[in-house]
Chemist: 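Below is the structure I would like to discuss, written out as structure tokens.
Below, each value reflects all heavy atoms present in this structure, side chains not excepted, and no hydrogens, waters or symmetry copies. A, B, ... follow the sequence lines: proteins, then strands. Residue 1 opens every chain.
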There are 2 protein chains.
Amino acid sequence: MLADDLKTAPRDCGDCPIRHKAVCARCEPDELTQLDKIKYYRTFEAGQTVLWAGDHMGFVGSVVTGIATLTQTMEDGRTQMVGLLLPSDFVGRPGREHASYNVVATSDLVMCCFRRKPFEGLMAETPHIAQRLLEMTLDELDAAREWMLVLGRKTAREKIASLLSVIARRNASLSLSKAEGTMVFDLPLTREAMSDYLGLTLETVSRQISALKKDGIIQLEGKRHVTVPDFDLLLDEAGDDGDGGMLS
Amino acid sequence: MLADDLKTAPRDCGDCPIRHKAVCARCEPDELTQLDKIKYYRTFEAGQTVLWAGDHMGFVGSVVTGIATLTQTMEDGRTQMVGLLLPSDFVGRPGREHASYNVVATSDLVMCCFRRKPFEGLMAETPHIAQRLLEMTLDELDAAREWMLVLGRKTAREKIASLLSVIARRNASLSLSKAEGTMVFDLPLTREAMSDYLGLTLETVSRQISALKKDGIIQLEGKRHVTVPDFDLLLDEAGDDGDGGMLS
DNA sequence: CAGGAACTTTGACCCAGATCAACCTGTGGT
DNA sequence: ACCACAGGTTGATCTGGGTCAAAGTTCCTG
């Protein structure tokens with residue numbers, strides 16, 4: 001299965017599914033050629049740790065397919081997820097020797113990696129890369145701040161509804177459809193991972209999901225497959241104002 | 001008093017107290033001349049709102065002196081601080097028409113503003129500005145993620161100790177001294193602002209500060225002047241591992 | 001197809017922090 | 001000098017979500 005992934009991993013940037021969204025999105029063909037020289041693919045199985053906080057980082061890179069989590073842990077084991085890495089998201093910080101967070105593959109994962117030193121050199125010469133990275137970092141900062149409101153001020157039910165609406169909205173944008181009306185998707189996270197994202201216990205996550213189901217806000221088939229009959233109802237439960245946080 | 005601030009505001013970038021830390025830190029003299037053409041100073045009194053979320057933003061800029069807060073509010077009034085803006089911190093997002101957060105001056109405030117459109121143009125031509133902004137944004141993202149752990153997983157006492165240690169550490173870095181041993185500083189925030197930062201009520205903030213005082217972790221003169229006899233003890237209370245989060 | 005292991009749900013109980021309320025303290029205005 | 005008021009403290013009580021415990025589901029693996 002890993003061998004399969006390696007075989008099906010894009011060899012050519014032209015075929016790459018994240019070509020227009022990743023850190024290389026703005027690159028011209030010649031810049032892409034440069035990047036191509038220092039890139040290589042790595043695959044990870046679901047559950048595998050990509051990086052431990054404090055590890056030396058020889059590379060930076062982009063998630064091509066699959067999902068990974070960025071987590072921080074206290075000595076006594078309390079864990080907080082601080083980022084959810086989806087296809088096109090960037091891992092690592094140019095100029096930084098050591099990883100700041102744990103990166104764990106939640107599903108099978110393919111990453112497009114660049115050796116760090118050459119990448120930093122390329123970044124200094126190629127404004128298109130730095131520009132795109134700035135834009136992506138600003139987006140991540142907005143997402144992190146949005147999440148601070150969720151963590152600091154929302155109730156357990158609102159937290160769950162917020163997470164579901166984020167996942168639903170992202171799924172819609174992948175399939176190029178609007179975030180409205182009936183929506184169907186699969187949860188990419190276990191109850192425990194959700195609890196780490198939301199600053200709750202897994203029992204509370206389970207209870208609140210059951211409650212939303214009972215109230216008809218969502219429907220469940222199995223543990224992971226979710227149907228949202230009316231997206232606006234879900235947004236009401238999340239306590240967000242109407243606009244859905246889409247500012248520009 | 002406002003007139004005073006205006007008079008004492010630096011007219012020349014050479015004298016500017018944030019020259020080596022702000023978004024202009026990397027600029028060459030000629031680049032600085034360009035920036036100088038589109039810059040102007042604005043002052044705000046303590047308590048004044050600099051920007052409302054959703055406002056049209058005609059400018060971006062840097063905090064020169066004073067302190068401001070970045071907050072997000074839900075319709076029912078629940079408020080979460082998502083950033084604390086200190087001298088040299090940047091306000092606004094290039095390319096974004098409207099403010100995403102409320103910006104409120106916590107103390108009297110002087111800002112160095114740039115008209116947004118010309119600034120965006122300059123950024124495209126001057127890699128030094130974009131480079132520095134990327135670096136600053138990555139630092140803010142790290143700070144936001146650190147705060148997600150505080151909000152999601154720490155107890156009230158740990159939250160207070162975390163906030164105090166952040167403030168103490170920052171004060172130390174301003175006075176170029178090490179963060180260790182006995183430290184003395186003033187709280188730049190009201191109890192209510194602290195509660196908005198930490199996702200607590202102001203009563204809980206007050207109680208936990210009293211508890212830390214009773215336990216000898218801190219001493220108080222008046223409401224704002226804090227003495228930390230042993231910084232390591234405070235860090236223990238914050239639940240942080242020894243390293244203090246200084247990764248690079 | 002039995003036996004696990006990982007994940008999930010549900011119930012009973014408890015407690016940290018919220019809420020409601022009273023009072024204290026310092027500062028500026030008239 | 002007095003008052004008003006913003007900011008802060010402290011007490012009493014309540015409750016949302018945590019903790020502990022048990023059992024149900026799904027999916028492997030032998």
Side-chain angles (χ1 to χ4, degrees), chain A residues 1 45-48 69 74 76-80 104 106-107 150-163 186-215 218-226 237 239, chain B residues 1 45-48 69 74 76-80 104 106-107 150-164 186-214 218-226 237 239:
Chain A
M1 186 196 285
E45 283 176 273
Q48 229 186 321
T69 63
M74 297 170 68
D76 62 8
R78 281 177 283 174
T79 300
Q80 176 65 52
V104 180
T106 287
S107 66
V150 172
L151 289 172
R153 292 302 187 192
K154 290 195 178 178
T155 64
R157 170 182 266 242
E158 288 170 334
K159 285 179 174 183
I160 297 290
S162 296
L163 177 58
D186 284 297
L187 289 172
L189 300 173
T190 65
R191 300 291 185 262
E192 188 181 27
M194 289 189 243
S195 74
D196 286 340
Y197 208 146
L198 298 168
L200 298 170
T201 59
L202 65 93
E203 292 95 328
T204 298
V205 170
S206 181
R207 275 188 253 272
Q208 294 299 335
I209 288 181
S210 299
L212 288 175
K213 185 170 69 174
K214 187 162 63 65
D215 296 347
I218 59 172
Q219 290 151 20
L220 277 182
E221 285 171 64
K223 313 292 182 187
R224 299 291 193 96
H225 193 73
V226 179
E237 294 297 334
Chain B
M1 184 194 288
E45 284 177 271
Q48 230 186 320
T69 64
M74 297 171 68
D76 61 8
R78 280 177 284 175
T79 300
Q80 176 65 50
V104 180
T106 287
S107 66
V150 172
L151 289 172
R153 293 303 187 190
K154 290 195 179 181
T155 63
R157 170 182 265 243
E158 288 170 333
K159 284 179 175 183
I160 297 290
S162 297
L163 178 57
L164 293 176
D186 284 297
L187 291 172
L189 300 173
T190 65
R191 300 290 185 264
E192 188 182 26
M194 288 188 244
S195 74
D196 285 341
Y197 209 144
L198 298 168
L200 298 169
T201 59
L202 64 91
E203 293 95 328
T204 298
V205 170
S206 183
R207 275 188 251 273
Q208 294 298 335
I209 288 181
S210 299
L212 289 174
K213 185 168 69 172
K214 188 161 65 61
I218 60 171
Q219 290 150 21
L220 276 182
E221 284 170 66
K223 314 291 183 188
R224 300 291 193 96
H225 192 75
V226 179
E237 295 296 334

Chemist: Can you sort out the partners of A:Ser107 under side chain to side chain contact (heavy atoms under 4.5 Å, CB included), two or more places apart, ordered by chain and number?
Modeler: A:Ile67
Chemist: Nearest-Å distance, CG (B:Asp76) to P (C:dT19)?
Modeler: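 In whole Å, C:dT19 P and B:Asp76 CG are 11 Å from each other.
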Chemist: Is the shortest heavy-atom distance from the side chain of B:Thr201 to the side chain of B:Val205 under 4.5 Å?
Modeler: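 Side chain of B:Thr201 against side chain of B:Val205, heavy atoms only: no contact under 4.5 Å found.
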Chemist: Using a heavy-atom cut-off of under 4.0 Å over every strand shown, decide if A:Arg224 touches base, sugar-phosphate, or nothing.
Modeler: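 Sugar-phosphate, backbone atoms only, no base.
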Chemist: Answer yes or no: does atom CD of A:Glu192 have more than 12 heavy-atom neighbours from other residues, nucleotides or ligands under 6.0 Å?
Modeler: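 Count not over threshold, so no.
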Chemist: Using the heavy-atom set of chain B and a strict 4.0 Å cut-off, write down the first and last nucleotide of DNA chain D that makes it in, 5' to 3'.
Modeler: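 Extent of the interface on DNA chain D: D:dG8 to D:dA12.
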Chemist: Below 4.5 Å, heavy atoms only, C-beta onward: do B:Met74 and A:Glu158 meet side chain to side chain?
Modeler: yes
Chemist: So does B:Thr204 get a side-chain nitrogen or oxygen closer than 4.0 Å to the phosphate oxygens (OP1/OP2) of C:dA18?
Modeler: yes
Chemist: Distances for protein N/O vs nucleotides 24-29 of chain C N/O pairs under 3.5 angstrom?
Modeler:
none

Chemist: Please report the shortest heavy-atom distance between A:Tyr197 and A:Leu151, naming the atom on each side.
Modeler: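 Taking every non-hydrogen atom into account, O-CD2, 3.6 Å.
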Chemist: To the nearest 10°, let me know how far the axis at one end of the helix from C:dC1-D:dG30 to C:dT30-D:dA1 is tilted from the axis at the other, five pairs an end.
Modeler: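 Result, rounded to 10 degrees: 30°.
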Chemist: Show, in sequence, the C-alpha distance, side-chain angles and deciding distance for B:Asp76 and A:Arg153, and conclude whether the salt bridge (charged side-chain N to carboxylate O under 4.0 Å, His left out) test is met.
Modeler: CA-CA 11 Å; B:Asp76 61 8; A:Arg153 292 302 187 192; over 6 Å; no
Chemist: What pairs with A:Lys154 under salt bridge (charged side-chain N to carboxylate O under 4.0 Å, His left out), at least two apart in sequence or on another chain?
Modeler: A:Asp240
Chemist: How long is the straight-line distance from CD of A:Gln208 back to OG of A:Ser195, given to the nearest 0.5 Å?
Modeler: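 CD of A:Gln208 is found 13.0 Å from OG of A:Ser195.
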Chemist: B:Leu200 has an atom CG; how far is it from atom P of C:dT19, in whole Å?
Modeler: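 My rounded result for the distance is 11 Å.
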Chemist: Check each residue of residues 205-213 of chain B for a non-hydrogen atom within less than 4.0 Å of any atom in DNA chain D, then write out the ones that pass by number, or none.
Modeler: B:Ser206, B:Arg207, B:Ser210
Chemist: A:Asp196 has an atom CG; how far is it from atom C1' of C:dC7, in whole Å?
Modeler: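 About 14 Å, once rounded to whole Å.
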Chemist: Find the distance A:Leu202:CG to C:dT10:P and express it as a whole number of Å.
Modeler: 13 Å
Chemist: Salt bridge between A:Arg191 and A:Asp196, side-chain N to carboxylate O under 4.0 Å?
Modeler: no
Chemist: Could you check whether A:Gly199 gets within reach of a base, just the sugar-phosphate, or nothing at all, counting any heavy atom under 4.0 Å?
Modeler: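 Counting heavy atoms under 4.0 Å across all strands, the contact made by A:Gly199 is with sugar-phosphate only.
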Chemist: Taking side chain to side chain contact (heavy atoms under 4.5 Å, CB included) as the criterion, tell me which of B:Leu164, B:Val226, B:Leu220 meets it with B:Leu212.
Modeler: B:Leu164
Chemist: Does B:Thr190 reach a base, just sugar-phosphate, or nothing at all? Heavy atoms under 4.0 Å.
Modeler: sugar-phosphate
Chemist: For a 4.5 angstrom cut-off between non-hydrogen side-chain atoms, does B:Gln48 reach B:Thr106?
Modeler: no
Chemist: Rounding to an integer number of Å, can you tell me how far A:Arg153 CZ sits from C:dG17 C1'?
Modeler: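 Those two atoms, CZ and C1', are 12 Å apart.
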Chemist: From the options B:Leu187, B:Thr204, B:Leu202, B:Leu200, select the one residue that forms a side chain to side chain contact (heavy atoms under 4.5 Å, CB included) with B:Met194.
Modeler: B:Leu187
Chemist: Side-chain contact, heavy-atom cut-off 4.5 Å: A:Arg78 with B:Thr155?
Modeler: yes
Chemist: Determine, stepwise, if the pair A:Lys159 / A:Glu237 fulfils salt bridge (charged side-chain N to carboxylate O under 4.0 Å, His left out).
Modeler: CA-CA 9 Å; A:Lys159 285 179 174 183; A:Glu237 294 297 334; over 6 Å; no
Chemist: Nearest whole Å is fine: how far is C:dA21 P from B:Glu203 CD?
Modeler: 12 Å
Chemist: Without decimals, in angstroms, what is the distance between A:Met194 CE and C:dT9 C1'?
Modeler: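 Atom-to-atom, A:Met194 to C:dT9, this comes out as 13 Å.
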Chemist: Distance check needed: C:dA16 P versus B:Leu198 CG, whole Å only.
Modeler: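 These atoms are roughly 18 Å apart.
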